[in-house]
Every structure is written in C-alpha cells, then in structure tokens.
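Here's the structure we're looking at; comments come further down.
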Amino acid sequence: MIELEALTKRFGAKTAVDNLSFQVKPGVVTGFLGPNGAGKSTTMRMMLDLDNPTSGTVRIDGKHYRDLSEPLKHIGALLDAKAMHGGRSAYNNLLCLAQSNRIPASRVGEVLDLVGLTAVAKKKSKGFSLGMGQRLGIAAALLGDPEILMFDEPVNGLDPEGILWIRNLMKGLAGEGRTVFVSSHLMSEMALTADHLIVIGQGKLLADMSMAEFIHQNSRSFVRLRSPQQEQLKDLLHAEGIAAAALPDSGALEVDGVASEQLGELAARHGIVLHELSPQRASLEEAFMRMTADSVEYQAHAPGAPAAGVGGQAGPADAPAWGAGAEATSKGGR
Amino acid sequence: MTGPATLPDQPPEQDPPLPETRPHLGHALASEWTKMVSVRSTLWTLGALVLLVVGIGLLAVGETNDPTGFTNPPHTAAAVFGLLVGQVAVIVLGVLTVTSEYATGLIRTTLTAAPDRARVLTAKYLVFAAVAFTVVSASVAVVGIASMIAVDSPQAHQTAGEWLAALTGCLYITLLGVLGLAIGAVVRHSAGAIAVMLGLVTLPPVVGGMLTMWDSLTPLGNLIIRYNAPVAIMQMFGLPTSEVGGLPGNWAQLALIVAVAGAAVAGSYAVVGRRDV
Amino acid sequence: MIEAVGLTKRFGAKTAVDQLSFQVRPGHVTGFLGPNGSGKSTTMRMILGLDQPTSGQVTINGRPFRELGNAQRNVGALLDAKAVHGGRRARTHLLSIAQLSGIPEKRVDEVLAVVGLQDVARRRTKGFSLGMGQRLGIATALLGDPRVLLFDEPVNGLDPEGILWVRNLMRQLASEGRTVFVSSHLMSEMALTADHLIVIGRGRLLADMGTQEFIAHNSAGFARVRAAGNDQDGRKALAAALTAAGGRVLQEPDGALRVTGLELPHISDLAHGVGVRLWELSPHRASLEEAYMRMTQSSVEYTSTEDPRAELWEPDPLALPAWEDGAAAPEVPQDGFFAPPPPGAGGKPFLMPGSAAELAGTAGTAPNNPEDTR
Amino acid sequence: MSFPAVLRSEWTKIRTVASTVWTLAAAAVVTVGMSALLCVFLNSQFENMPKEQQLAFDPTASSFAGMSLGQAAVIVFGVLVVGTEYSTGMIRTSLAAVPRRGSFLAGKLLVATALALAVGLVTSFVSFFTGQALLGEHSIGIGEPNVLRAVFGAGLYMAVIALFAMGLTMVLRSSMLALGILLPFVFLLSPILGSVDATQKVAYFFPNVAGSRIMQTVPAVLDGSEPPYGPWGGFGIMAAWAALAVVAGYAVLRKRDA
C-alpha cells in the first residue's frame, strides 16, 4: 500500500507535482498514466525519497521511506534500467544491493534466474542491451521479495517476448496480493496489464478509477452489425428509432447506445439474419487522449495528416486497406 | 491528439530548395564551428587556459619587476608558467572535440549525415587547430604586451626573433592538442585519451631523469630530457632549462612534434575511415 | 528503395547477420521485426554505412550509402534518441548537422516546428526527457527532406500523444512516396503503422510480406458467440452444432463461446438452425503479437526452457493446436476485419485456453465484456 | 537500517569493480617503484651533490618520493568510488536501498578510506624498507626519531587524500569535474605556486603540501622556507580540508534531489 498525501514538488517557479493525493492498493496492477511532463517520474522519485517533496508526504505501508529499516524488503522499484555500475557484473550489482538490506546472497541467483539472466550473471552490465538492462533492473526490484513493486516504463527496450513476460509477471505479482504500480506510455500494454488507473496531467490528479470505468467514462461504445439483409435491417432500426451509421466500405452498420442483447433480440424477432453482432469499446488510448487533451506539453504539428487514427481501428483516409475499419470511432479529439 | 496542422502539408521542397549537390569541406567546417562554439566545455577549457596564462603571467610580471631576478628573458617568458598548466586545457579540448561525439553517440548521427569520414575529421582538425592557436597566441600576446608596459628596464627586450619563437611555442601547444584529438579519435574514450596525453606530456622529464642513472642509458636519458613538451615550451619562450646543455633548436623541437602529431593524424584517418562506428 | 543482397556480418565467431536479402520499397511503411539480438540494429547500421558488411552489400536507390552524393538529402535516420551532446542546445545541434550538407538554417526551424520542439529549441538537451530526445532525433532525420527514412524504435519514451503523432507521421511520409523503414518491438504499434513487414531471427530472414498476410499466415482468428439469456440448453445445443460442423469451441467465463474454424455467416446459420438467438457474434482477429510470437519462437535469444517465467506464458497458444491446420484464418470474410482489434482485445488470444482464472482477470478490460448486458 | 549491512554492501561494491584494483595497485607500484629508482639514483649520486643538499638529505622522505606521483592513482580511486555512483545512475538504486543519507555516506567513506589506508600503509612500509635497502650507507633505521611517524604518516596521507577526493566528488557529483579540478590542482597549481616566492605561503596551506610534511623527518630549514606548522600540524590542515569536503558532500547529498 502506497499513500500520497497532498504531495507537491516545485522546481523554481514550475510546479511539477501539484497537491497530489491517492492510494495504490494491493492485489491489483495499478497503471500510472500521464503525458510527458505530467510529473509521473517526479512523483515516483518522491515515492522513493530520491527527490524531496516541497510539501506533502508519501507513506509506504504507513511509514516514511526513510524510516523503513530495510526498504528493499518492503518496496522494489525499477526506475531506470541503466542505473547500475557498468563495470560490475550483473551478479555483483545485485549482491551489493542485497547485502545492504540483509537479503541472503542465494536470493540473487534466484532473481537472476527469474528474469532469465543466469547465463550472463557474471558478465559486466556495461555490455548489456537496453532489454537486458531492463531485466536486471526488474531483478533488483524483486530482490527483497517486497510486497510493493514499482515499475517505470518496464517494457522499454524489451523485445516482444520480454514484453509478454513482464506483462504476465506483473499480473502474477498482483495475483499474489502484492501492490503493483506501473507507469507506461504504451496504452495497448496498459490495457492488457492494469486493472486500476491513476492518471495525472500537469501534476494534478485527473482520474483514479478502474480501467473499465475509465474507458467507459472517456469514450463511447457501440455495436457493429453486419447482415446479408442490410436494407431490411436498416429499415427495422429506423422504424425502432435507433440511429445507425453505415460504414462506407465494409457494409457494416454501427449503432450507438443500444446493447447488443437488445439488437440480437430485435433481429431475431424480425427474422433478420446477422453475420456480425459485436459490441465495441473504444481503446484505452482513445480514452486517455480525450482525458489528457489539455495537459499535453510538447504538441507537435502533424505534418499534414488529419488528426485521426486514435484507437485501434481507424486510419487516415490514405491509410492502407487494413486500417480502413471504423473511422467513425476515431475522430476523437478536437 | 495531435494539434491542428498549422504547418502546410509536407513536403516543403518548394521553399527553400534544399541543396542537392555533394557537400564539401566548407560545410563541414561550418558544422564543426557550430559544434565547437555551442558547448560549454569549450568555454571552460579555453577560459581556464586564458585565465591561467594571463593570470599567472601577470602575477609573474608583477614579481619580476626586479629585472635582476632573471637573466634577461623576453617579455613573453612570463606566459610560460601559465602555459605549462594551460597546455592541459588545450589537450583536453582537443580530446573532447572528438571523444564527446563518441561518448554521446552523436558520431553516428554525424557520420549518417556525412558519410565521407575524412571530410568530417579534416574539419575537426582545422577548426580545433585554428581556435586553439588563436586563443593561445592571443593570451601570450596579452602577457607579453603587459610585461612590455609594466617592466621598465633597459634589460627587458623582445626582438622579432623572440616573438617568432613565442609564436612557435603557441604552435607547439596547438599541435599537442591536435595530437590529443588524433589519439581521441583512435581510442574513442575521453578519459583514456586524456590519460595518454598527460602521460606523454608529464612523464618524459621524469623517465629521462631516471634513465640517466645508468651509465649505458645516459645518452638516451639526456635525449629524452632535451626533447619533451615542457622543455620545448620553456625553451621556445626563452627560458632554457640549464641542466642539460646542448639544447636542440626550436625548429628541431617543432619538427619532432609535427612528425609525432602528423603520424597520429594519419593513423586517425586510416582507423576512422575503416572502423565500424 | 533500400536493397540488401546477401548481407552478412560476422563479429568474430558470431554471425550477427547471415545472408540477408530484402528490398524496402517506397510508398510503404515497412516494419522491421525480430527478437533482441537478431541482428536488426547491425543491419540498420550496415544500411547507413556505419558498419562494414563482412560480405554482401546494401544499396540505397542503387548506390552504397557512403557513395551517395548528398547523404542527408537521400537518407534520414533515427538510430538513438540519446545520441546528442547534452551540453548543446537543441537548435544548435540540428544546425551543426544541417551545416554538414549545406542545409539552410531556415529548415532547422521548420523541422523543430514539425516535431513540436520549437519552445525548447534553445534549451540544452541534457535536460530533455527520452521523449523529447526522440523528437529531436526525428527532427534530425527529417532535416534533409530525404526520400528514404530509417527509424529505430521511434516511439521509445514518447507519451501516447507522441506515439500517435509518430504513427501518423510515418504513414504520411510513406504516402508521399518515401521509403519508410521502422524497427520496433511494440507489436501493437507495428500493427497500426506498418503495411509491410520484414522479420528476422538469428540474422536470417524469416518473413518478408504484407502485415495482413503475415498475421493471416501465422495466427488464427476466432469468433465470440453468446446465446441469448444465459440459456444453458441453447448454448449446449449451439456448441454441439458448431462442433459437428467442424468448429472448435471453447467456453469463456462469461458464458460466451469462442469458436475457431468457422466463418461468421456459417455460425449465424447454424445458430438459426438450432433455434438459438444470439446476443453477440463478433469476429476477433489474432494480434500481430501472436503471429510474431509463433514465427520467431525458435529464434529468441534470452529465453530458457528451465526458466520459471516460461510457466507464466505457457497457456498461450504457441504450441499449435490441432485446429490450426484447417487454417480458418484466411477465409475471414469481412474486409474491415483486418483492423487490428482495439488494444483492449489485442492480446486476448494469448490467454486463450488453459487458465480460466486469467481469462476472468482480463474479461473486465475486454471491449466486449459482460458489463454490457447490464 | 543496520550499519554493518551497509558496510558489507559497500565493501562488495568496492571490491567488485576493476577500477579499485587498478588504481590502488597503480598507487602502490608507482610509489614503491619510483621511490626505489630515486633511492638508487641518490645513492649513486650522493657524493656529487652539493654540501648543503647532503646535509639536508632526508632518507625517510626520499623513500616515499614516488608517492608524489602515486597519489594521482589514489585520487583517481577516491573520485571513482563516488563519481561512478553518479555517472552510472547507481546512486538512485543505492539510495533506494539505503535511504538514510548519513548511513550511506558514512558506509561508503569508511570502507573506501579504510581500504586506502590499508593499501597506503602497506605501500609506505614496503616503500620505506625497499628505499632504505637501496640507499645503502645513507639509509636510516625505523627506530630513529620521527621515522616511524613518517612511515605511518605516509600511509595516513594516502587515506586522507582519498577521503578528500571522495568528499569533493560528492560535492561536484561528477568524476570528470572532480578529476579536472583535483589533478591540475595537485600536479600543476601547487608546485607552480610553491615555486614562486610570493605565492609559496598560499601553497603551504594546500592539503597535499601541508599533508606531505608528515612524511619528512628533516626540517627544510636550509633553503629558508620553513612552513609555519609541524608535521602533525600539517597533517591536521590536510585532515581539516578532507573534513570540510566531506561535510560539504554530506550537505549536498542531503539537500539535493538524487
């Protein structure tokens, strides 16, 4: 359990973190989202007492970080994959951390095995790729078998196999009842991993809710229909007063605000054959974009491309065929 | 969401027309000049050099007001104390000119933009040498002129030949920096290259002194004592080190550093041209 | 156009790139995939003349990189976002690179605006975040307005807004007829961005085909079918009919059926045949991630079978199930169908059979979750 | 937080990087080797030296003469022990593991200084006995007045100069910057200032100049430039510099964001 209370950090005139209060609860993977410059890293560093808060407090299991006698046994963190001495072997890098918190040396071998670095344990970490460095950082976080784990952009540099592995690892850790707090910019990864979300923008809390709730609140859902009797279906929907939008290329219909169950029953009553009846939910990416639209810092000018393509399904008009799904979902934003 | 497309659609080929021709050395020189003036390490190293040469130089000018203190050295001799320390700054700047690119990975961007590696390297040598020589000789000139103004004594003097010798000394120091750049380009590591250069500059007098202990090695020791950087610099600024008579001429000293730096430069072209970055 | 012919690079005894031949064509975004250590970076470096091939050659528009007249006008590359001198300001960094090829200063301000760094142009890059560094790297690549662009992990460190921007930028560049070659480990991004894929493993070419084709070849989609109500009998009858028709049926925790090997219209007809009303009949495309995993499973370097993490992803369908032989996937009828599933559903196939607990765990995040009923 | 655990951890840190071995070995080898060479030289040239130099001859200090060069390696050792924490980013991992800045700093400095002291003492004794053996008839015994103090002092000198380097690096948080200041300071600035009469008095209070007084057994009266302190006074000045650097380093570590 991590508790933040009115945490604030100012760098000169700039307020990086502004009166932030939230709790990270055990048993679920909590995602920590926000645009660049939102104050995510600063917050995480203050959680570990690396940066001094201007005001406010962070408590780890009810204590201040500095009062934890052996902090690695309470909280393990991956902040920066490369935060190890390159001239030291992977094993020794972990050993000196273990010793400072009286963790038995045998645990070092265990975590190295867990992250798949046993074969390179004796190699200097200087020669590690970003992905291997990331695994080493994860091993360091797991060293004290802590109840709380914090990961900052854990999939950075990992290859797809590694991404899959860390995703399942985090879920497994949460499944054991641990507190897992993970920040990432990769919405598709977050959607697969996190159960709960904390979203900040410009240092302020924007949302603290479950993933499903977040997507529900910040995007629209609809049902896609496809039928060999499309004209009849259209007439039927019209007669029922249900608005349906036809998709230009695919011959599918999109219906807003009516549950798929109702539509299924309706079609069955009128003997219309459906070849598709799929409830669609917009992606986390789209939901996130809508929520944080105002707090983005380094806005780029898209060279010409219309601001489209949010969400998993759509592409700009010139996109290849595979992207020409449901544009209608994606003209989000402004 | 991306913002409104405030820029017109790419490509901006219409305006301004980007050059299609093969870039030449002049472009690389402009680029290296920008690189050199846009980092603070240049300011620090050259600032330290100026401060040391002018600061210690003026201090020495003040102290030598009594003309009997020295057996009539030229005015520019006052700069030599600062230069003996300041040469390190020149060497460090020379090394950093190239190793900072390797340390940050910028070298890959540079060589991707300009695959002709010799062109880039040549530009580095030219820009560094011009900057270093200008700053070193300007600092020396300041000390020399200050001394001419301050030291009012019939024995104080500065002939054209002595000005030329001082200028040769400045060139000598610049070439030490060029040597540092060449070594930096070969070893690609700032600390390593600086260590090698410091060794080259500081060890010969010590090693030479030791070699003279054994009779059979005394000639070699004496040779090393006569041909090394600190001795050469002192000599060119008119402060011959009296211990080992029979000093070589300034031109011999210069020829030696030109040969050594030239070999290192040639080596750097060969290595950088072929090596995987 | 980038063309590699028999490209090989050995480091001592280790062959990093082995007889690689491929073409990257203009007008497309070509994705470059492979596990860590498969030789992707080495290949990119050889394309850019930074590493010398041991044998073979790679040309850009017909000429080796180092013989191009004006390199920046032909090729722009982003290799490493942090490859800038931290003590230099963003604008002077770009300027120094631009001057190498005589590119006018005005262009520097243009590209800074394109990547959205105009406000920090005069800040030293030491204080830049990885995302800002990435934007600066992209600006460097765009300086010469080149016809060929190479990006190595361009979205690393970018925030969602930046990721979206890069995605659109690359498509835009390709639609202008440029050659865009992108390497990335993020399958969900690649599925959204690349229309052609080159996959390598252990230095060898594994695949060179369209993204759509790649997914079709290496994975299977499925359909999710939910009978009206929670009518047990109807579901059983439907499952029986589907199995009889040659489909493979798995039950999901919320009572829906996961059907592979049958087309949607066929499922619809079968349901009609047994008199079951449907509340959901939705196509699910397998993700690029899954397709990629299948293809590269033998060429991953840092994985070990005795490794406990293997257990963590054992349940995924890497071991080809029997029904795969029928290759139902390519026959999927709808064209809109190729749109990769929204990220919420993207990895779902992974959690397929085996572990019901995991399925329950993710059901809440899937787009078609039971909450829709309520 | 148990302090022995921190010490153990710091000991592992220090013994598992190659630079520790290299720098300390270089310090020992350079000191012993250079001193030995100098002693051989002095022994053979003694008769040719001017009378006043013969009178002022300090056989003890001569057998440590190599330390003037060997201390460079000790300084590099001290700088790297602290500096690599910052350059690699390890400092964040370390402070997350040992959040109390005082424990962290004390553990690191204690281990590194103790190691430098051990190496320094071994070096000074080996250097002394080697040097005396080579000095032949001009040698001095360890039982003579002040000699044992000088030999111990040489070891202490190495430990304290390392401590000074560590403290300074803690303040600057960069190896490059620390080396850039320390090496020119010790090897260029202090000898140059020391050789000019006007500035010599300033140079007397530099840590390396003041500290090296403890290695001498013969006062340098003859050239008329006796520093205004005794051997222990000089050592005290050096220790005060080191203490100042460490306190400043601690203040920086406490106050600044890691």
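Below, read A as the first sequence line, B as the second, and so on, with proteins coming before strands; counting in each chain starts at 1.
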In Å and rounded to the nearest 0.5 Å, what is the CZ to CE distance from A/Phe128 to A/Met84? 10.0 Å

D/Ser94 and D/Lys13: side chain donor to acceptor below 3.5 Å: yes

Evaluate the side-chain proximity of A/Leu142 to A/Arg107: yes if any heavy-atom separation is below 4.5 Å, no if none is. yes

Is the number of heavy atoms from other residues, nucleotides or ligands under 6.0 Å of A/Arg66 CZ greater than 12? yes

Going by heavy atoms in the side chains, are A/Leu206 and A/Ile200 under 4.5 Å from each other? no

Side chain, backbone, both or neither of A/Asp49 within contact of chain D (heavy atoms, under 4.5 Å): both

Nearest-0.5 Å distance that lies between atom CG in A/Leu48 and atom CZ in D/Arg92: 11.0 Å

Find the distance between CG (A/Asn156) and CG (A/Asp80) and round it off to the nearest 0.5 Å. 9.5 Å

Residues of residues 15-27 of chain D contacting chain A, heavy-atom criterion under 4.5 Å, by residue number: D/Arg15, D/Thr16, D/Val17, D/Ala18

Between D/Lys255, D/Glu10, D/Arg256, D/Arg101, which has the largest tally of heavy atom pairs under 4.5 Å with chain A? D/Arg101

Rounded to the nearest 0.5 Å, how far does OG of A/Ser125 lie from CZ of A/Arg88? 8.5 Å

Crowded around A/Arg178 CZ? As in, over 12 foreign heavy atoms under 6.0 Å? yes

Among residues 15-31 of chain A, those lying within the under-4.5 Å heavy-atom range of chain D are none

D/Phe104 side chain reached by D/Ile91 side chain, heavy atoms, under 4.5 Å: yes

Heavy-atom distances under 4.5 Å only: say whether A/Lys73 touches chain D with side chain, backbone, both or neither. neither

Can you spot which of A/Val180, A/Thr179, A/Ile148 makes a side chain to side chain contact (heavy atoms under 4.5 Å, CB included) with A/Leu173? A/Val180

